[in-house]
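Have a look at the structure below before the remarks.
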Amino acid sequence: MRIGAVAKATGCTPRALRHYEEHGLIASARAANGYREYDDAVVTRVRNIRHLLDAGLTLDDVRVFLPCLDGDVASAPPSVAGLRVGRERLAVLDARIAAQVAVRDRLAAALQAGAPPAAPAPSPASLQ
């Protein structure tokens with residue numbers, strides 16, 4: 001399969017596929033004309049990569065799953081390494097969320113402290 005066919009079958013862009021290849025997650029052969037040629041099985045692998053990325057993992061995290069990317073990652077029982085990576089990524093996300101909530105709270109407090117009192121809402125009678 002050429003890169004365009006893989007992109008269409010997986011919903012990825014050709015650029016994303018080249019990026020996955022640069023990171024060693026997928027492989028291609030080169031045709032005589034220099035075009036990338038992928039095995040049909042790469043469609044499953046790319047879909048699994050996308051599934052893991054959509055779950056919040058990074059490409060480096062996905063490397064842990066290389067041995068099982070050609071199967072059904074979504075329904076397979078998790079490995080010890082996979083659970084470890086998931087827990088580590090969740091801790092990073094929790095820390096980022098906590099930091100963003102703290103920034104939001106500081107901004108809300110600053111706005112509340114510096115804002116003039118809100119004007120009273122117009123009464124329904126004054127709107128008629």
Side-chain angles (χ1 to χ4, degrees):
M1 298 179 93
R2 285 198 186 156
I3 196 165
V6 175
K8 185 175 181 181
T10 61
C12 280
T13 63
R15 183 173 186 236
L17 295 170
R18 288 188 293 272
H19 189 66
Y20 300 158
E21 192 170 343
E22 287 172 16
H23 283 273
L25 299 174
I26 62 174
S28 68
R30 292 293 181 150
N33 59 7
Y35 290 172
R36 286 178 166 86
E37 291 286 337
Y38 295 94
D39 185 88
D40 291 345
V42 79
V43 171
T44 299
R45 180 172 277 245
V46 170
R47 287 181 179 152
N48 283 327
I49 292 167
R50 297 297 312 159
H51 174 75
L52 294 170
L53 293 174
D54 289 345
L57 301 182
T58 66
L59 285 179
D60 287 336
D61 295 336
V62 171
R63 287 185 191 289
V64 172
F65 297 88
L66 276 174
C68 57
L69 286 178
D70 296 325
D72 187 2
V73 169
S75 64
S79 68
V80 172
L83 289 171
R84 178 186 49 77
V85 166
R87 287 186 185 111
E88 289 171 0
R89 185 60 41 210
L90 184 59
V92 169
L93 291 171
D94 284 342
R96 287 181 183 166
I97 290 168
Q100 289 296 305
V101 168
V103 168
R104 182 201 169 279
D105 291 347
R106 286 193 304 272
L107 178 58
L111 288 172
Q112 188 174 22
S123 67
S126 68
L127 294 175
Q128 293 177 348

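Just so it is clear, the structure is predicted and the values come from calculations on it, not from any experiment. Start at 1 with the first residue, then count along the sequence.
Cluster annotation: L53 and L66 are assigned to the same hydrophobic cluster (Ile/Leu/Val/Met/Phe/Trp/Tyr, side-chain heavy-atom contacts under 4.5 Å, transitive).
Nearest approach of A9 to V43, heavy atoms of both residues: CB-CG2, 4.1 Å. Here the shortest heavy-atom pairing between G82 and V64 reads N-CG1, 4.2 Å. For G71 against T44, the heavy-atom pair with the smallest separation is O-CG2, 3.7 Å.
For the pair E37 and R2, the minimum side-chain heavy-atom distance is below 4.5 Å. Residues F65 and L57 have side chains in contact (heavy-atom distance under 4.5 Å, counting atoms from C-beta outward).
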(request) List the steps, then state whether side chain to side chain contact (heavy atoms under 4.5 Å, CB included) holds for I26 with Y38. (result) CA-CA 9 Å; I26 62 174; Y38 295 94; 3.8 Å; yes
(request) Would you please test R84 and E88 for salt bridge (charged side-chain N to carboxylate O under 4.0 Å, His left out) and show each step? (result) CA-CA 6 Å; R84 178 186 49 77; E88 289 171 0; 3.4 Å; yes
(message) Before you tell me yes or no, could you show the steps for L52 and L69 under side chain to side chain contact (heavy atoms under 4.5 Å, CB included), namely the whole-Å CA-CA distance, both residues' side-chain angles and the distance that decides it to 0.1 Å?
(response) CA-CA 10 Å; L52 294 170; L69 286 178; 3.8 Å; yes
(message) Does T13 form a side chain to side chain contact (heavy atoms under 4.5 Å, CB included) with H19? I'd like the steps, not just the answer.
(response) CA-CA 10 Å; T13 63; H19 189 66; over 6 Å; no
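For the atom pair OG (S28) and CG (L17), the distance works out to 10.0 Å, reported to the nearest 0.5 Å. Taken to the nearest 0.5 Å, the CE atom of M1 stands 10.0 Å off from the NZ atom of K8. Here the SG atom belonging to C12 is positioned 8.0 Å from the CD1 atom belonging to I49, to the nearest 0.5 angstrom.
Applying the side chain to side chain donor-acceptor pair (under 3.5 Å) rule to pairs touching residues 48-57 yields Y20-R50, sequence neighbours excluded. The side chain to side chain donor-acceptor pair (under 3.5 Å) pairs that include a residue from residues 58-83 are R45-D70, T58-D61, D61-R89, D72-S75, where partners are two or more places apart or lie in different chains.
Atom CZ of R30 is surrounded by more than 12 heavy atoms from other residues, nucleotides or ligands within 6.0 Å.
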